[in-house]
Peer 1: 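One structure is given below, represented as structure tokens, and several questions about it will come after.
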Number of protein chains: 2
Amino acid sequence: MTFSTADTPLVRVHNARAALDLLRREAPLSRVEIARRLGTTRPTGSAVVTTLVEVGLVREVPSPAAGGRGALYEPVAEAAHGLALDVGGRVLRLAVTDLSGRVVARRTVEHHGASPRELAEVAVGLRDAALAEAGLAPADLSATVVGVPGVLDPRSHRLTRANPDRAGGPAVADAVTRGLGHEPQVENDINLAALGERASGRAQGVDDFAFLSVGTGVGSGLVLGGALHRGRHGAAGELELSGSEGSAAEHALLRLVAEGREGGTPTSLAADATPADVFEAAAGGDPLATAVLGELAARLARHIGDLARVVDLELVVLGGGIGSRCAGLLDDIETRLHGTVLFPPRLAIASLHGSPVLDGAVSLATASAYAVAIGRLDATSSPAPAADPDTADRDRPGPGSIPAAGAGRRRRRTP
Amino acid sequence: MTFSTADTPLVRVHNARAALDLLRREAPLSRVEIARRLGTTRPTGSAVVTTLVEVGLVREVPSPAAGGRGALYEPVAEAAHGLALDVGGRVLRLAVTDLSGRVVARRTVEHHGASPRELAEVAVGLRDAALAEAGLAPADLSATVVGVPGVLDPRSHRLTRANPDRAGGPAVADAVTRGLGHEPQVENDINLAALGERASGRAQGVDDFAFLSVGTGVGSGLVLGGALHRGRHGAAGELELSGSEGSAAEHALLRLVAEGREGGTPTSLAADATPADVFEAAAGGDPLATAVLGELAARLARHIGDLARVVDLELVVLGGGIGSRCAGLLDDIETRLHGTVLFPPRLAIASLHGSPVLDGAVSLATASAYAVAIGRLDATSSPAPAADPDTADRDRPGPGSIPAAGAGRRRRRTP
DNA sequence: GGACTTTAGTAAGACTCTTTTACGAAAGTC
DNA sequence: GACTTTCGTAAAAGAGTCTTACTAAAGTCC
């Protein structure tokens with residue numbers, strides 16, 4: 001990592017960014033109040049606000065007191081928008097957000113075994129419908145985030161391992177990507193779920209945690225030191241090799257049931273019982289269901305133990321079709337963790353309303369759109385805008401880091 | 001994380017930092033060459049160099065061509081020094097470094113069962129001897145790093161779990177800390193070894209790897225995304241609960257030998273064989289030794305598999321008394337990893353010359369001393385220096401991040 | 001060996017941005 | 001209704017970089 005040099009106009013950009021950042025946290029503030037909170041002088045604070053208003057990122061909140069006196073300012077949430085898309089196994093979820101993170105339009109559609117191309121068409125149709133509802137044009141989208149199952153190589157941005165028994169698959173991701181244009185940011189769905197739990201779920205304010213998804217398969221998304229950790233090949237948190245030791249958590253569960261029945265364990269479970277049935281039966285005291293869930297708890301404790309020993313987490317959030325039903329198993333799992341892990345993490349069940357994956361995609365799309373919007377400050381202060389498309393895609397726009405005067409806004413050398 | 005505002009003089013500091021950073025990478029450069037490399041204009045580059053020379057961080061390299069024409073500049077390595085101390089199980093290692101990372105004095109001493117207080121006295125004595133050799137005074141040390149076995153809480157900076165069967169222990173760390181004054185930065189020894197392998201060992205240039213120490217116990221240090229990952233309680237990488245499933249790798253190995261002998265496996269190993277003997281015997285084809293090392297390989301493969309599945313590493317470096325002898329087992333381990341891990345990491349044996357722990361401590365101490373030295377730029381441009389002691393201790397001085405104009409150097413508000 | 005070209009380094013003026021100091025006006029308070 | 005507090009702006013000074021221009025040293029070519 002190497003330093004880039006700073007310019008005099010750059011400090012204005014920097015201060016404007018600080019002011020906008022402040023306004024995003026504390027809604028309506030006056031000019032001098034901004035200056036105070038920023039630690040600058042009144043004239044500077046005022047000038048910075050003027051800059052932000054000119055760029056269109058901040059506006060005077062229409063107050064009842066019409067006089068220009070004591071005017072309050074707020075960020076313009078509609079200055080940019082982001083698109084979030086979750087390509088799930090059975091449904092396609094889509095949301096359009098503004099800069100405040102508010103969802104201004106939302107769509108969900110079931111897609112039973114659609115081909116990749118059909119899926120892409122559906123996605124584009126959904127997007128256009130949502131945009132129409134929000135009164136926006138495709139060009140108004142500054143960032144797009146697509147969540148898909150599978151492992152994404154962080155360098156090539158390609159799917160290297162798609163979970164074959166889920167809808168995803170490289171073809172879908174590619175088709176959707178092409179259909180949407182605008183080069184979206186493709187991210188693993190479980191990683192997004194982790195971000196979702198952090199943005200609006202059970203992991204708010206937690207800097208070291210994992211989202212453990214237990215459904216058709218078992219996988220996890222890791223947030224370490226406040227940032228998503230993807231690993232060298234984007235495979236961090238892939239706890240089970242698909243195909244190994246009876247992965248596919250759901251199948252494993254049902255197989256246990258079948259074996260128990262054959263073994264003669266008394267049970268009220270039907271032959272075609274679903275995982276939900278197992279949980280229900282266990283709650284009613286069914287012996288076989290109870291035993292099966294005991295096995296599940298042991299297996300989850302093993303995974304959580306591995307996670308905690310390696311990266312030392314504060315919290316593990318359980319989600320997914322099976323994981324989100326495990327509230328009754330938490331005590332059992334906790335007991336098993338004691339004596340296995342130096343510092344057992346807290347356990348929680350994922351928030352149940354809405355989709356954590358879409359929440360995470362929304363959160364990422366909002367952050368990316370914000371990064372793009374902030375770029376306007378750079379652009380206006382320089383002759384050559386040179387909007388670097390990669391800059392927007394960089395995750396975590398790193399507060400405190402100066403935006404590299406390098407690329408576009410360099411002065412010309414003497415001829 | 002919140003932004004701080006920027007000041008006009010701050011851009012000078014920022015540019016000076018960039019110039020120094022550049023000079024540290026590419027040794028002797030002329031004023032205009034610096035300007036060119038930095039992407040600034042000649043006048044600015046020249047002014048920045050002048051600033052750095054005034055502060056004493058850069059000097060003109062005495063060239064044969066006496067004329068001021070074409071003068072070259074280099075960083076002043078002696079502008080600050082750091083102290084690195086490794087409190088090992090049997091020996092105390094100490095090194096004094098300059099800003100270039102060069103070790104200017106080094107001491108090693110055996111300490112058999114010394115009390116914590118004695119140990120601290122020995123450490124202080126060593127330090128003074130090393131300083132005398134280097135012609136320095138204690139006040140010349142800008143940073144001190146102490147490596148100890150045990151888990152350090154990153155918030156309280158206290159030892160929460162000291163490995164009882166190693167020399168460390170909280171008392172030693174405390175005593176050494178007090179004896180050295182100057183509030184040293186205490187770090188887990190295996191974490192330091194990881195940093196050492198990255199700075200000057202087998203992990204140079206690798207951003208995601210683990211140092212797996214196999215000796216009396218098994219533990220690992222993780223570097224993720226280029227930075228040390230300590231975890232919520234500083235226990236990341238503590239793969240075995242001390243006391244569980246026959247931890248203490250060395251004991252486990254010897255117990256396997258004993259069991260094998262009783263079980264009648266043919267062997268040439270004596271009853272009091274050491275781990276080194278086992279490796280030697282296995283090399284000679286001894287059946288029992290071979291079997292025991294097979295067990296060891298299986299165990300290491302399990303640990304490495306856990307690490308790789310959770311954080312997806314590029315490389316795992318094996319070190320420690322037993323780990324560094326495992327070159328012959330790497331193929332075996334690799335085979336076991338296939339089919340267990342999606343992307344098996346590369347494997348390597350730790351560099352054998354010198355001590356990785358001390359190397360890591362040296363690297364950290366150098367970085368901290370550099371951060372302190374850089375602080376002089378801030379100080380000289382402000383009326384109130386207000387040297388924040390915590391700033392120096394922050395690991396990874398984060399290039400690209402601006403040093404928070406906040407604290408000391410704020411203007412006074414209008415009365 | 002001498003003239004020409006390239007390059008290192010500096011000097012002066014313009015521009016940007018922050019700070020300081022000062023001033024005017026609106027809003028609250030007794 | 002007068003006084004005080006606070007919001008907001010204006011003007012000048014300080015700091016830093018950029019542009020342009022200039023000097024002088026070192027190569028280079030004939």
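So that the names make sense, note that chain A is the first sequence line, chain B the second, and so on, each numbered from 1.
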Peer 1: Considering just the side-chain nitrogens and oxygens of B:Thr41, establish if one lies under 4.0 Å of OP1 or OP2 belonging to D:dT17.
Peer 2: no
Peer 1: Report yes if at least one side-chain N or O of B:Thr40 is closer than 4.0 Å to OP1 or OP2 of D:dC18; otherwise report no.
Peer 2: no
Peer 1: With DNA chain D as reference, determine whether A:Leu72 or B:Ala47 sits nearer its 5' end, using the nearest nucleotide of each.
Peer 2: A:Leu72
Peer 1: Could you tell me the separation between the NE2 atom of B:His14 and the P atom of C:dC17, rounded to a whole number of Å?
Peer 2: 17 Å
Peer 1: I need the B:Ser368 OG to B:Leu83 CG distance, nearest 0.5 Å.
Peer 2: 11.5 Å
Peer 1: To the nearest Å, how far apart are B:Ile34 CD1 and C:dG9 C1'?
Peer 2: 13 Å
Peer 1: May I ask you to verify if any side-chain N or O of B:Arg36 is less than 4.0 angstrom from the OP1 or OP2 atom of C:dT7?
Peer 2: no
Peer 1: Given side chain to side chain contact (heavy atoms under 4.5 Å, CB included), test A:Leu20 with A:Val58 step by step and report yes or no.
Peer 2: CA-CA 8 Å; A:Leu20 183 53; A:Val58 160; 3.9 Å; yes
Peer 1: Of all residues at least two apart in sequence or in a different chain, which pass the side chain to side chain donor-acceptor pair (under 3.5 Å) check with A:Arg31?
Peer 2: A:Ser46, A:Thr50, A:Tyr73
Peer 1: Rounded to the nearest 0.5 Å, what separation is found between the OG1 atom of A:Thr366 and the CZ atom of A:Arg24?
Peer 2: 8.0 Å
Peer 1: To the nearest Å, how far apart are A:Leu377 CG and C:dC17 C1'?
Peer 2: 15 Å
Peer 1: I want to check one thing: is the phosphate of C:dT18, taken as OP1 and OP2, less than 4.0 Å away from some side-chain N or O of B:Thr5?
Peer 2: no
Peer 1: Which protein N or O atoms sit under 3.5 Å from an N or O of nucleotides 10-12 of chain C?
Peer 2:
from: C:dT10; atom 1: OP2; to: B:Ser46; atom 2: OG; distance (Å): 2.6

Peer 1: Quick one: which of D:dG8, C:dT19, D:dG14 gets closest to the side chain of B:Thr8?
Peer 2: D:dG14
Peer 1: Does one side chain, of A:Gln185 or A:Thr144, offer a donor that lies under 3.5 Å from an acceptor on the other?
Peer 2: no
Peer 1: Could you walk me through whether A:Thr97 and A:Val104 pass side chain to side chain contact (heavy atoms under 4.5 Å, CB included), step by step?
Peer 2: CA-CA 5 Å; A:Thr97 55; A:Val104 293; over 6 Å; no
Peer 1: Has B:Arg12 got a side-chain N or O lying under 4.0 Å from the OP1 or OP2 atom of D:dA15?
Peer 2: no
Peer 1: Is B:Thr44 close enough to D:dG16 that one of its side-chain N or O atoms is under 4.0 Å from OP1 or OP2 there?
Peer 2: no
Peer 1: Starting at CG of B:Asp7 and ending at P of C:dT16, how long is that distance when rounded to a whole Å?
Peer 2: 19 Å
Peer 1: Distance check: side-chain N/O of B:Asn15 vs OP1/OP2 of D:dG16, anything under 4.0 Å?
Peer 2: no
Peer 1: Starting from C1' on C:dA8, measure out to CG on B:Leu29 and report it in whole angstrom.
Peer 2: 13 Å
Peer 1: Could you grab the distance from atom CG of A:Leu136 to atom CD of A:Glu78, nearest 0.5 Å is fine?
Peer 2: 9.5 Å
